[in-house]
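Position 1 is the first residue of the sequence; numbering continues from there. Values reported hereafter were calculated over all heavy atoms of this structure, with side chains retained and with hydrogens, waters and symmetry mates removed.
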Amino acid sequence: MQQVKVLPLAPKPLCCPYPYDDSFQVIVQLDEPLWISVYASQEIAAEVMALCLQLDTLILSSPQKEEADPRRKVSFEHDFSTKASSVLQQANDALFRLKYNGSLEDYLRSTAIASLFPRVEQYLQETDPQLWQTPSPAMDDYFAHMAALNNLLTMAHQLKADVQTSSSHRYIAHQTALLHQCVTMVGGPLAECKKEIEGAFKDLKVCCSTDESGQPPRLSSDLHKWLVNITQKLIDSSVSLSPPSLLLPLAPVLETLHLITH
């Protein structure tokens with residue numbers, strides 16, 4: 001009968017590791033700034049306003065219950081909650097640096113920021129996403145107007161560059177029509193430029209048509225000069241916000257920002 005070899009018992013470990021200690025926990029701070037030097041009340045107010053803007057954008061992107069895709073509901077809710085919690089934490093950290101004793105909601109009301117972000121205020125009070133979709137005329141008008149000015153500036157830059165550098169002006173009339181649309185979106189302050197474009201568009205369209213020779217169409221010297229001047233005028237208006245009536249849709253936001261930073 002074969003003998004079974006009995007192995008000796010393993011020796012005792014030289015040392016026993018201690019159980020996990022919470023003090024060794026590493027806190028993930030991906031959303032934290034690399035350097036924090038903002039302590040002035042005006043700068044804190046501007047920082048909180050910027051964070052409210054981020055949260056307001058998240059709330060706007062949240063779908064209504066009846067519009068939500070059931071297959072993506074869980075993943076979206078998790079994504080929204082994570083991002084919203086991160087923004088709220090940054091806002092509370094800013095108030096902590098300010099040594100503010102009240103809640104974020106109290107701070108928004110005391111600085112008039114709440115008047116610009118009713119959706120954020122509603123989010124802080126309610127948990128039902130259906131109740132977050134409160135109209136926000138000041139911020140909605142602000143972004144709509146800024147988007148219109150940005151479209152105008154981009155189109156004017158593009159058209160001016162194509163007029164000056166392109167070897168063919170075949171699509172200049174189409175681009176001018178798009179510029180006219182951008183001017184219309186901005187509204188009344190640029191009514192004079194709108195009429196000027198409308199008055200010259202018929203001649204511009206004829207000049208940009210391809211003739212029987214098949215040669216690439218070119219603008220006449222007068223139309224070339226006029227387009228360069230009108231596009232530069234619109235660029236200057238978009239950047240300098242002149243005439244002053246271009247500032248009217250931005251006034252509520254600018255006044256609140258001036259109030260909290262001065």
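Residues Val183 and Leu247 share a single hydrophobic cluster, defined by chaining ILVMFWY side chains whose heavy atoms lie under 4.5 Å apart.
A side chain to side chain contact (heavy atoms under 4.5 Å, CB included) with Thr231 is found for exactly one of Val163, Leu179, Thr176, namely Leu179. Screening Leu153, Thr154, Leu159 against His157 for a side chain to side chain contact (heavy atoms under 4.5 Å, CB included) leaves a single residue, Leu153.
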Practice task
Please report the C-alpha distance between Thr256 and Val253 in whole Å, then the side-chain angles of each, then the deciding distance to 0.1 Å, and finally whether the side-chain contact (heavy atoms from CB on, under 4.5 Å) criterion is met.
Solution key: CA-CA 5 Å; Thr256 303; Val253 177; 6.0 Å; no

Handout entry: Test side-chain contact (heavy atoms from CB on, under 4.5 Å) applied to Phe117 and Leu53, step by step
Key = CA-CA 8 Å; Phe117 300 99; Leu53 180 56; 4.1 Å; yes

Handout entry: Asp162/Tyr171 under side-chain contact (heavy atoms from CB on, under 4.5 Å): CA gap, chis, key distance, verdict
Key = CA-CA 9 Å; Asp162 289 346; Tyr171 300 107; over 6 Å; no

Exercise for the section: Decide side-chain contact (heavy atoms from CB on, under 4.5 Å) for His145 and Leu246; before the verdict, give the C-alpha distance in whole Å, the side-chain angles of both, and the deciding distance to 0.1 Å. Expected result: CA-CA 9 Å; His145 192 62; Leu246 279 175; 4.3 Å; yes

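To the nearest 0.5 angstrom, Ser238 atom OG is 10.0 Å from Met146 atom CE. A distance of 9.5 Å separates CG of Leu60 from CZ of Phe143, quoted to the nearest 0.5 Å. Within the model, atoms NZ of Lys160 and CD of Gln232 stand 3.5 Å from one another, a figure rounded to the nearest 0.5 Å. To the nearest 0.5 Å, the span separating CG on Leu95 from CG on Asn101 amounts to 10.5 Å. Of the inter-residue distances, the one linking Ile172 atom CD1 with Ser166 atom OG reads 6.0 Å to the nearest 0.5 angstrom.
Counting only heavy atoms from C-beta outward, the side chains of Pro217 and Cys207 never approach each other to under 4.5 Å. Using a 4.5 Å cut-off on side-chain heavy atoms (C-beta onward), Asp222 and Lys225 make no contact. Residues Met185 and Leu152 are not in side-chain contact: their nearest non-hydrogen atoms beyond the backbone lie 4.5 Å or more apart. Between Leu250 and Asp141, every side-chain heavy-atom pair lies at or beyond the 4.5 Å cut-off. A 4.5 Å side-chain heavy-atom check between Leu51 and Leu88 finds every atom pair outside the cut-off. Put simply, the side chain of Gln122 does not reach to within 4.5 Å of the side chain of Ile59, judged on heavy atoms. Counting heavy atoms from C-beta outward, Leu149 and Leu241 have side chains that approach closer than 4.5 Å. Using a 4.5 Å cut-off on side-chain heavy atoms (C-beta onward), Arg109 and Glu121 make contact.
A donor and an acceptor atom, one from each side chain of Gln125 and Glu105, are located under 3.5 Å apart.
For the pair Glu47 and Arg97, the salt-bridge criterion is met [side-chain N within less than 4.0 Å of a carboxylate O]. A salt bridge links Asp140 with Arg119: at least one charged nitrogen is closer than 4.0 Å to a carboxylate oxygen.
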Could you list the donor-acceptor pairs under 3.5 angstrom formed by side chains in residues 189-205, with sequence neighbours left out?
{"unit_1": "Glu196", "atom_1": "OE2", "unit_2": "Trp226", "atom_2": "NE1", "d": "2.8"}
{"unit_1": "Glu198", "atom_1": "OE2", "unit_2": "His180", "atom_2": "NE2", "d": "2.8"}

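The closest donor-acceptor contact from the side chain of His169 to the backbone of Ser209 lies at 3.5 Å or more, if one exists at all. Checked by atom type and distance alone, the side chain of Asp56 never pairs as donor or acceptor with a backbone atom of Cys52 at under 3.5 Å. Under a 3.5 Å cut-off, the side chain of Asp106 and the backbone N or O of Gly102 do not form any donor-acceptor pair. A donor-acceptor pair under 3.5 Å is absent between the side-chain atoms of Ser86 and the main chain of Thr82, judged by distance alone. With hydrogens and angles ignored, the 3.5 Å screen pairs a side-chain donor or acceptor of Arg218 with a backbone N or O of Ser167. No side-chain donor-acceptor contact under 3.5 Å links Ser242 to the backbone of Pro244.
The minimum heavy-atom distance between Tyr107 and Ile113, with the atom names listed, is CE2-CD1, 4.4 Å. In this structure, Ile235 and Ala156 approach most closely via the heavy-atom pair CG1-CB, 3.6 Å. Contact detail for Ala173 and Cys208: the closest heavy-atom pair is N-SG, 3.8 Å. Scanning both residues, Ala84 and Leu55, for their nearest heavy atoms gives CB-CD1, 3.8 Å. For Ala112 against Leu259, the heavy-atom pair with the smallest separation is CB-CD2, 4.4 Å. Between Ala138 and Leu116 the shortest heavy-atom distance is CB-CD2, 3.7 Å.
Around the CD atom of Gln164, the shell of radius 6.0 Å holds more than 12 heavy atoms that belong to other residues, nucleotides or ligands.
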